[in-house]
Amino acid sequence: MEKNRNYFIAIALSVMIVLAWQFLYMNPRMEAQQRADEARLAQQQQTTEQAGQNFTPESPGAATSTGNLPGANQAQATATREEALAKSPRVAIETAAVSGSINLVGARFDDLKLREYHETVDDKSPIITLFSPADTRDGYFTELGYIGSDTSGTVPGSGTRWTLAGGDRLTRETPVTLSFTNDKGIVFNRTIAIDEHYMITVNDKIDNPTQEPVSISSYGRVTRYNKPATPSVWVIHEGFIGVLGADGSLSEHTYHNIEEEAVANTKATGGWLGITDKYWASTIVPPQAMPFESRFTHFTDGQPRYQADYKGDALSIAPGQSTELRSLVFAGAKEVPLIDQYVEQLKIPHFDLVIDWGWFYFITKPMFKLMDFFFRHVGNFGVAILLTTVVVKLLFFPLASKQYASMANMKRMQPRMEELKAKHGDDRMALQQAMMALYKEEKINPIAGCWPVVLQIPVFFALYKVIYTTIEMRHAPFFGWIQDLSAPDPTSLFNLFGLLPYDVPHFLMIGVWPIIMGITMFIQMRMNPTPPDPTQAMIFTWMPLVFTYMLASFPAGLVIYWAWNNTLSVSQQALIMKRHGAKIELFDNMKGLFKRKPAASK
């Protein structure tokens with residue numbers, strides 16, 4: 001009894017350490033990091049206000065091989081969104097998916113809202129704002145332009161005022177044409193089209209009516225002032241992203257890494273680059289036959305900002321000749337079927353990697369495809385998760401059958417194990433040797449009860465990526481109080497699931513579904529033979545409680561999957577054990593938890 005008491009104390013201390021770690025270390029650390037970021041930004045703004053607008057030509061961290069590509073000398077942003085939009089002439093953008101406008105100064109995409117997505121679950125909440133003008137504190141925009149030479153004269157750039165030459169509103173059916181003629185008579189005509197979703201096509205035609213050849217270079221940039229409001233987590237990449245070269249590998253850099261040191265990428269032909277968030281992305285696909293240099297950088301002169309940009313090799317336009325360039329700009333939601341469609345139809349190299357599928361790509365994406373298939377038939381992603389779990393269980397059924405059969409054999413050996421315990425008494429070494437000999441003789445795996453959990457780990461992580469990463473899960477309801485499968489269960493045991501009128505701290509948010517999951521895991525553990533070693537027995541007893549706390553902060557969809565998977569596992573295990581003639585001692589094992597063992601005789 002004394003040993004058991006010590007085991008209980010050890011387990012209780014372990015749970016308390018986990019709770020203390022979360023409450024006393026992790027939460028304050030996250031808050032301190034957020035305060036540090038805010039203080040750093042405030043310091044940068046204060047420095048800029050003192051220095052006025054006398055900025056250096058380019059920040060040291062931005063000095064790369066792209067040379068004089070636009071990006072430096074950005075004044076501090078102070079205007080409201082409405083003030084900024086009213087400062088310059090604009091062409092409206094209006095489709096079923098987006099709304100906004102093109103700034104005719106710079107032909108810049110700096111005003112874009114995603115009409116199909118809201119900030120919260122409430123459909124009455126504001127729609128998502130992706131792009132904002134450079135004069136606002138939330139500046140975020142994409143720009144395509146040119147860098148001139150001694151022969152080119154003035155070329156279109158950040159400050160160029162384009163003329164609207166065709167169309168009056170950018171829609172799916174009606175492209176618009178912008179025009180600019182420079183001081184040497186070189187004519188730039190830009191035709192902008194948009195599909196029914198988030199892909200913008202920019203076709204530039206450059207005419208050289210002069211008697212001299214002209215050399216110019218194209219550029220493109222995605223510039224953003226602020227990082228996402230929600231702190232990033234390790235499971236998903238947010239920040240700079242690109243596939244550089246038609247056969248290139250994925251290049252990812254966090255905001256923090258680029259703050260420390262800018263990255264100059266090697267010259268490439270083909271590919272894409274930009275900035276990605278959890279659900280949204282802004283990327284540029286340069287002309288695919290044109291070699292270009294690119295960089296990811298962070299400017300600190302004036303308005304602090306992040307920039308992904310490229311500069312193409314110089315183009316030579318002969319006298320009386322013209323050339324054309326085609327670029328693509330993606331700005332919107334990372335919807336899986338849509339991204340795959342762009343890869344197939346537009347031949348954008350590895351553009352599907354803009355969605356962070358993770359290391360288990362070969363499991364994660366097929367699992368989403370299966371889940372999406374069920375969703376299209378049942379109309380509820382929660383139900384789709386349940387059906388996907390059934391399919392996964394069927395795929396693993398042969399292997400699980402062998403494991404559960406081994407567990408059933410262990411149950412049959414329980415009487416012989418009790419005989420060995422009685423025979424060897426307190427001689428733990430002799431008892432363990434005798435049991436190992438018994439396992440070998442009967443070909444039993446003593447840790448078979450752990451295998452069902454171990455097998456779930458890759459599938460569990462892949463499903464976690466699907467639920468946490470894909471926008472299809474964002475604000476997807478289940479039933480009852482679960483209105484967002486990508487968010488944790490909003491209820492809590494510590495205010496009786498909302499019956500008591502007060503909010504509880506985040507680390508005590510243990511909702512209904514995590515508790516259901518813990519109960520199903522507890523039942524599953526009780527289906528297994530009780531380990532002969534008291535330490536192992538205590539671990540098996542307390543594991544459901546630890547998992548209940550750990551998974552309470554996970555997306556509700558993942559917890560529902562785990563609870564449903566446990567339920568299916570219990571049913572499967574009971575069926576297999578019955579086939580092998582093993583007694584299902586679920587209730588006996590549960591009663592054993594509350595029995596007091598008789599004191600050993602002196």
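Here the structure is a predicted model, which is why all the values come from computation and not from measurement.
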(request) Show your working on side chain to side chain contact (heavy atoms under 4.5 Å, CB included) between Thr276 and Ile355 and close with a plain yes or no. (result) CA-CA 9 Å; Thr276 182; Ile355 300 173; over 6 Å; no

(request) Show the numbers, then the answer: is there a side chain to side chain contact (heavy atoms under 4.5 Å, CB included) between Thr181 and Phe188? (result) CA-CA 6 Å; Thr181 302; Phe188 297 81; over 6 Å; no

(request) Would you check if the side chain of Glu324 reaches a backbone N or O of Ser322 as a donor-acceptor pair within less than 3.5 Å? (result) no

(request) Check ring-ring contact (aromatic ring centres under 6.0 Å, His included) between Phe131 and all other residues, then give those that pass, not counting sequence neighbours. (result) Tyr140

(message) Checking Lys267 against Asp313 for the salt bridge (Lys or Arg N to Asp or Glu O under 4.0 Å) test, could you report, in this order, the C-alpha distance in whole Å, the side-chain angles of both residues, the deciding distance, and whether it holds?
(response) CA-CA 10 Å; Lys267 182 178 289 189; Asp313 279 3; 3.1 Å; yes

(message) If the condition is ring-ring contact (aromatic ring centres under 6.0 Å, His included), which residues does Phe374 pass it with, not counting sequence neighbours?
(response) none

(request) Classify the side-chain pair Asn182/Thr154 by whether it contains a donor and acceptor separated by less than 3.5 Å. (result) no

(message) Let me confirm one number: the CG-CD distance from Asp309 to Glu293, rounded to the nearest 0.5 Å.
(response) 10.5 Å

(message) With heavy-atom distances below 4.5 Å as the criterion, would you say the side chains of Glu472 and Pro337 are in contact?
(response) yes

(request) Mind checking side-chain hydrogen bond (donor to acceptor under 3.5 Å, both in side chains) for Ser218 and listing every partner two or more places apart, or none if nothing turns up? (result) none

(request) Looking only at non-hydrogen atoms, find the nearest pair between Val343 and Asp352 and report the distance. (result) CG2-N, 3.5 Å

(request) Would you confirm whether Asn189, through its side chain, and Ser179, through its main-chain N or O, come within 3.5 Å as a donor-acceptor pair? (result) no

(request) Spell out, as yes or no, whether a donor-acceptor pair under 3.5 Å connects the side chain of Gln288 to the backbone of Gly271. (result) yes

(request) Mark yes or no for whether Lys227, through its side chain, and Tyr255, through its backbone, hold a donor-acceptor pair below 3.5 Å. (result) no

(request) Look only at the side chain of His253 and the backbone of His256, and say whether a donor-acceptor pair between them is shorter than 3.5 Å. (result) no

(message) Counting only heavy atoms not in Glu344 (residues, nucleotides, ligands), do more than 12 fall under 6.0 Å from its CD?
(response) no

(request) Measure the spacing between CG of Leu328 and CD1 of Ile284 and express it to the nearest 0.5 Å. (result) 10.5 Å

(request) Would you sort out whether Gln307 and Val222 count as a side chain to side chain contact (heavy atoms under 4.5 Å, CB included), showing the intermediate values? (result) CA-CA 6 Å; Gln307 183 164 301; Val222 179; over 6 Å; no

(message) Run the side-chain contact (heavy atoms from CB on, under 4.5 Å) test against Ser149 and tell me which residues pass, sequence neighbours left out.
(response) Thr151, Ser152, Ser215

(request) Taking Trp272 for its side chain and Pro349 for its backbone only, find out whether a donor-acceptor pair lies under 3.5 Å. (result) yes

(message) If the condition is ring-ring contact (aromatic ring centres under 6.0 Å, His included), which residues does Phe375 pass it with, not counting sequence neighbours?
(response) Phe381

(message) Checking the side chain of Lys184 only, and the main-chain atoms of Val214 only, is there a donor and an acceptor separated by less than 3.5 Å?
(response) no

(message) Does atom CZ (Arg161) have a neighbourhood of more than 12 heavy atoms from anything else shown, all under 6.0 Å?
(response) no

(request) For Pro209, check side-chain contact (heavy atoms from CB on, under 4.5 Å) against everything at least two apart and list the hits. (result) none

(request) For Asp356 and His237, indicate whether the former's side chain and the latter's backbone hold a donor-acceptor pair under 3.5 Å. (result) yes

(message) On a heavy-atom basis, which atom in Pro477 and which in Leu485 lie closest, and how many Å separate them?
(response) O-CD1, 4.1 Å

(request) Return the minimal non-hydrogen interatomic distance between Gly274 and Ala308, and the atom names on each side. (result) O-CB, 3.9 Å

(message) Using a 3.5 Å distance criterion without hydrogens, assess whether the side chain of Arg295 forms a donor-acceptor pair with backbone atoms of Lys311.
(response) no

(message) Nearest 0.5 angstrom please: Thr283 OG1 to Ile275 CD1, how far?
(response) 10.5 Å

(message) So, using side-chain contact (heavy atoms from CB on, under 4.5 Å) as the criterion, who are the partners of Ala318 when residues are at least two apart?
(response) Gln321

(message) Within the 3.5 Å criterion, strictly below it, is a donor on Thr254 or Asn257 matched to an acceptor on the partner's side chain?
(response) yes

(request) Determine whether the side chains of Asn265 and Ser294 contain a donor N or O and an acceptor N or O closer than 3.5 Å. (result) yes

(request) Output all residues satisfying side-chain hydrogen bond (donor to acceptor under 3.5 Å, both in side chains) with Ser249, sequence neighbours left out; order by chain, then residue number. (result) none

(message) Once rounded to the nearest 0.5 Å, what's the spacing between atom CG of Leu178 and atom CG of Leu164?
(response) 6.5 Å

(message) Please tell me whether Phe362 and Trp357 form a close aromatic pair, meaning their ring centres lie under 6.0 Å apart.
(response) no

(message) Is the terminal nitrogen or CZ of Lys347 (NZ for Lys, CZ for Arg) located under 6.0 angstrom from the six-membered ring centre of Tyr342 and within 45° of that ring's axis?
(response) no

(message) Using every non-hydrogen atom in the two residues, find where Arg172 and Asp195 come nearest and quote the distance to one decimal.
(response) CG-C, 4.3 Å

(message) Run the ring-ring contact (aromatic ring centres under 6.0 Å, His included) test against Phe141 and tell me which residues pass, sequence neighbours left out.
(response) none

(message) Any carboxylate oxygen within less than 4.0 angstrom of a Lys/Arg side-chain nitrogen, looking at Asp372 and Lys365?
(response) no

(message) Run the side-chain hydrogen bond (donor to acceptor under 3.5 Å, both in side chains) test against Asp204 and tell me which residues pass, sequence neighbours left out.
(response) Tyr146, Arg190

(request) Considering non-hydrogen atoms only, spot the tightest contact between Ser158 and Arg221 and give its length. (result) OG-NH2, 3.1 Å

(request) Classify the angle between the aromatic ring planes of Trp162 and Phe180 as parallel (below 30°), tilted (30 to 60°) or perpendicular (above 60°). (result) tilted

(message) I'd like to know if the side chain of Asp138 pairs up with that of Thr136 as donor and acceptor (distance under 3.5 Å, no hydrogens or angles considered).
(response) no

(request) Look at the side chain of Thr174 and the backbone N and O of Leu170, then say whether any donor-acceptor pair between them is shorter than 3.5 Å. (result) no

(message) As a quick check of understanding, evaluate side chain to side chain contact (heavy atoms under 4.5 Å, CB included) for Val105 and Thr160, giving each step before the final call.
(response) CA-CA 5 Å; Val105 177; Thr160 301; over 6 Å; no

(message) Tell me which one of Trp280, Tyr198, Tyr279 satisfies ring-ring contact (aromatic ring centres under 6.0 Å, His included) with Tyr117.
(response) Trp280

(message) Show me the pairs that pass side-chain hydrogen bond (donor to acceptor under 3.5 Å, both in side chains) and involve residues 98-112, at least two apart or across chains.
(response) Arg81-Asp111, Ser88-Asn103, Arg90-Ser101, Arg90-Asp110, Ser101-Asp111, Asn103-Asp110, Arg108-Glu143

(message) For the CD atom on Glu119, are there more than 12 heavy atoms of other groups (residues, nucleotides or ligands in this structure) within a distance under 6.0 Å?
(response) yes

(request) Please list, chain by chain and in numerical order, all residues satisfying side-chain contact (heavy atoms from CB on, under 4.5 Å) with Arg169, sequence neighbours excluded. (result) Ala92, Glu94, Thr171

(request) Could you tell me how the ring of Phe330 sits relative to the ring of Phe351: parallel (under 30°), tilted (30 to 60°) or perpendicular (over 60°)? (result) perpendicular

(message) Checking Asp484 against Ser486: is there a side-chain donor and acceptor pair closer than 3.5 Å?
(response) yes

